[in-house]
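Report on the following structure.
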2 protein chains.
Amino acid sequence: MTSKRKVGNLLGLAVLGYLVRAPMHPYELSRLMRAHGDDRSIKFTHGSLYMVFGQLAKAGFIVEHETSREGQRPERTVYALTDAGRAELKDWMRELVAEPAHEHPKFVAALSMIAALHPDEVAALLRDRLDGLRRQLAEAEAIVAGADAHPLFLVEEEYRIALLNAEVAFVRHFLERIDDWRPLWAGFHEEER
Amino acid sequence: MTSKRKVGNLLGLAVLGYLVRAPMHPYELSRLMRAHGDDRSIKFTHGSLYMVFGQLAKAGFIVEHETSREGQRPERTVYALTDAGRAELKDWMRELVAEPAHEHPKFVAALSMIAALHPDEVAALLRDRLDGLRRQLAEAEAIVAGADAHPLFLVEEEYRIALLNAEVAFVRHFLERIDDWRPLWAGFHEEER
DNA sequence: TCCTGGATAGTCAGAGTTGACTAGGAGGTG
DNA sequence: CACCTCCTAGTCAACTCTGACTATCCAGGA
């Protein structure tokens, strides 16, 4: 069952996943995640990270391990995972892998309203989109090719590539059919000269 | 440029898109959208709809058209689109269609942390996921087949189908490779007996 | 006739999120 | 050696969103 989690932000999952290896303070984790390119997979800003640490602590998944200070720098609070946190990590991962979630990508919203634009314009915009998709594909492929890590650690990038390829194919197919649909479509735009 | 919109919630896009046809009050739109199955494309709850109407009004994209009351029922406030609202609708649509957004699906987050689970368990979970994906595919295909509407109005459902098929293929491919990766992977789970 | 459940229409407290702000230290440079 | 910029580490006000709550009307069953 997808009963509601005490901490819903996926950034919390990443925190648990990293703390299982070693206790850390938020700022250290922030650098680590950026270095690993995790910001491509998990949305996070500097500010939300501290929020999530606070939420996880309140929920009992992590505890303050120690607080230290170097020179006059601000104090650092190091957190460690609890047993409850370890359990939450496993349980959350199981749910995310086993149950495909119904999500709401922006492009889907736009497609559901697509008749609001004139078909000629849609065709031009879709060609722009194809360019953008190809750029994203090139980026992802460069990351996979350029890394010397085991493919296990880039499996999320391969997933992204698979979805991007599917979207490219869909957009091309859409472009091919647009002319056939023009008669019906035009009905919505009579008033515009 | 993706300069920040005054109203960011995609539900606002739907509101603009429907009000372009006729003025409406929030509750009426809510029924209409549910009847059209728009909740599959755009996330919305009853409560957030009233919020979004308020935000759009504050931003000048819609205005109160009239308020009426039938019997002792609560008062209904009917809103109409302004010229600024019409412009925002077009501009927003153009951006959403032309520029592929980098989004953060939950499954990507899980994949980036996948080594936290034992490979045997991941294999089992992925098989569960395949079942779920096939159910979602069946659902989407039934919607496309069962509707007598023009395919233009179901293009978002076809997009979903394309992505689901791509994900099925990816998961199957992942399952095939899991055995090869087991030696490396196992390294993370020595401690667990 | 009374009662229950669902549709109608909207409000709002509390939880979550974002982005801007603080403030000292280290490193480079003209 | 004064100045500027980036790095370190964290806080917080303002905004957004969710879900629970209010209140009336109407249809159908007991």
Side-chain angles (χ1 to χ4, degrees), chain A residues 2-15 23-35 39 42-59 61-62 64-79 101-104 106 109, chain B residues 2-15 23-35 39 42-59 61-62 64-79 101-104 106 109:
Chain A
T2 316
S3 62
K4 255 246 295 320
R5 310 222 162 250
K6 293 191 191 165
V7 177
N9 194 324
L10 284 173
L11 180 51
L13 182 79
V15 172
M24 253 183 273
H25 57 95
Y27 188 80
E28 188 183 353
L29 181 59
S30 170
R31 272 183 315 169
L32 196 58
M33 287 184 65
R34 248 178 258 283
D39 48 346
I42 295 178
K43 197 171 65 163
F44 80 98
T45 63
H46 185 74
S48 60
L49 189 61
Y50 287 89
M51 290 290 141
V52 166
F53 266 83
Q55 290 167 17
L56 290 171
K58 203 169 117 193
F61 297 144
I62 61 177
E64 287 192 22
H65 186 64
E66 57 172 356
T67 68
S68 68
R69 172 189 290 268
E70 275 174 35
Q72 275 316 299
R73 301 247 190 93
E75 199 173 66
R76 304 179 308 185
T77 305
V78 176
Y79 289 85
H102 188 98
E103 290 177 276
H104 295 89
K106 295 182 175 192
Chain B
T2 315
S3 61
K4 252 249 294 320
R5 311 224 161 248
K6 292 191 192 163
V7 178
N9 193 327
L10 285 173
L11 180 51
L13 182 80
V15 173
M24 252 183 275
H25 58 96
Y27 188 80
E28 188 183 353
L29 181 59
S30 170
R31 273 183 317 169
L32 196 58
M33 287 185 66
R34 248 178 257 282
D39 48 345
I42 294 177
K43 198 172 64 165
F44 79 98
T45 64
H46 184 74
S48 61
L49 189 61
Y50 288 89
M51 288 290 138
V52 165
F53 267 83
Q55 291 167 16
L56 290 171
K58 203 170 118 192
F61 297 142
I62 63 177
E64 288 192 23
H65 186 63
E66 57 172 357
T67 67
S68 68
R69 171 190 291 266
E70 274 175 35
Q72 276 315 299
R73 301 246 191 97
E75 200 172 64
R76 302 180 309 186
T77 306
V78 175
Y79 290 86
H102 187 99
E103 292 179 276
H104 294 90
K106 294 182 176 193

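Proteins come first, then strands; the chains are lettered A, B, ... in the order of their sequence lines, and each starts at number 1.
Counting non-hydrogen atoms under 4.0 angstrom, B:Ser30 reaches nothing in the nucleic acid. Contacts of B:His46 with the nucleic acid, taken as non-hydrogen atoms under 4.0 Å apart, include base atoms.
Between D:dT11 and A:Tyr50, no contact under 4.0 Å exists linking OP1 or OP2 to a side-chain N or O. For the OP1/OP2 pair of C:dG16 and a distance below 4.0 Å, the side-chain nitrogens and oxygens of A:Asn9 include no atom meeting the criterion. Using a 4.0 Å cut-off, some side-chain N or O of A:Arg31 falls inside it from OP1 or OP2 of D:dT8.
Across the protein-nucleic acid pair, B:Arg76 atom CZ and C:dA7 atom P stand 18 Å apart, rounded to whole Å. Between A:Met33 atom CE and D:dA9 atom C1' there is a gap of 17 Å when expressed in whole angstrom units. Computed from coordinates, the B:Lys4 NZ to C:dT18 P distance equals 11 Å when rounded to whole Å. Regarding B:Leu29, its CG atom lies at a distance of 18 Å from the P atom of C:dA7, rounded to whole Å. Taking atom CZ of A:Phe53 as the reference point, atom C1' of D:dT11 lies 16 Å away to the nearest angstrom. Distance CZ (A:Arg34) to P (D:dC7): 11 Å, rounded to an integer number of Å. In this entry the distance linking CG of A:Leu49 with P of D:dT11 reads 12 Å, nearest Å. At whole-Å resolution of the value, CG in B:Leu10 and C1' in D:dT16 are 14 Å apart.
Taking only side-chain atoms of A:Thr45, from C-beta outward, the nucleotide of D:dA9, C:dG10, C:dG19 with the closest atom is C:dG19. The side chain of B:Gln55 lies closest to D:dT16 when the candidates are D:dT16, C:dG16, C:dG10. The listed nucleotides are C:dG10, D:dC12, D:dC17; the one nearest the side chain of B:Met51 is D:dC17. With D:dT18, C:dG10, D:dT8 as the choices, the nucleotide that has an atom nearest any side-chain atom of B:Lys43 turns out to be D:dT18. Each of C:dA9, D:dT18, D:dG10 was ranked by its minimum atom distance to the side chain of B:Ser48; first place goes to D:dT18.
Atom-to-atom distance recorded for A:Thr77:OG1 and A:Tyr50:OH is 9.0 Å, nearest 0.5 angstrom. If you take NZ on A:Lys6 and NZ on A:Lys58, they are separated by 11.0 Å, rounding to the nearest 0.5 Å.
Side-chain contact check for A:Val78 versus A:Glu28: every heavy-atom pair is 4.5 Å or farther apart. The side-chain heavy atoms of A:Tyr27 and A:Arg76, taken from C-beta on, include no pair separated by under 4.5 Å.
Checking side-chain atoms of A:Glu103 against main-chain N and O of B:Lys106 turns up a donor-acceptor pair under 3.5 Å.
Two residues, B:Tyr27 and B:Gly47, neighbour DNA chain C, and the one matched to the more 5' nucleotide by heavy-atom proximity is B:Tyr27.
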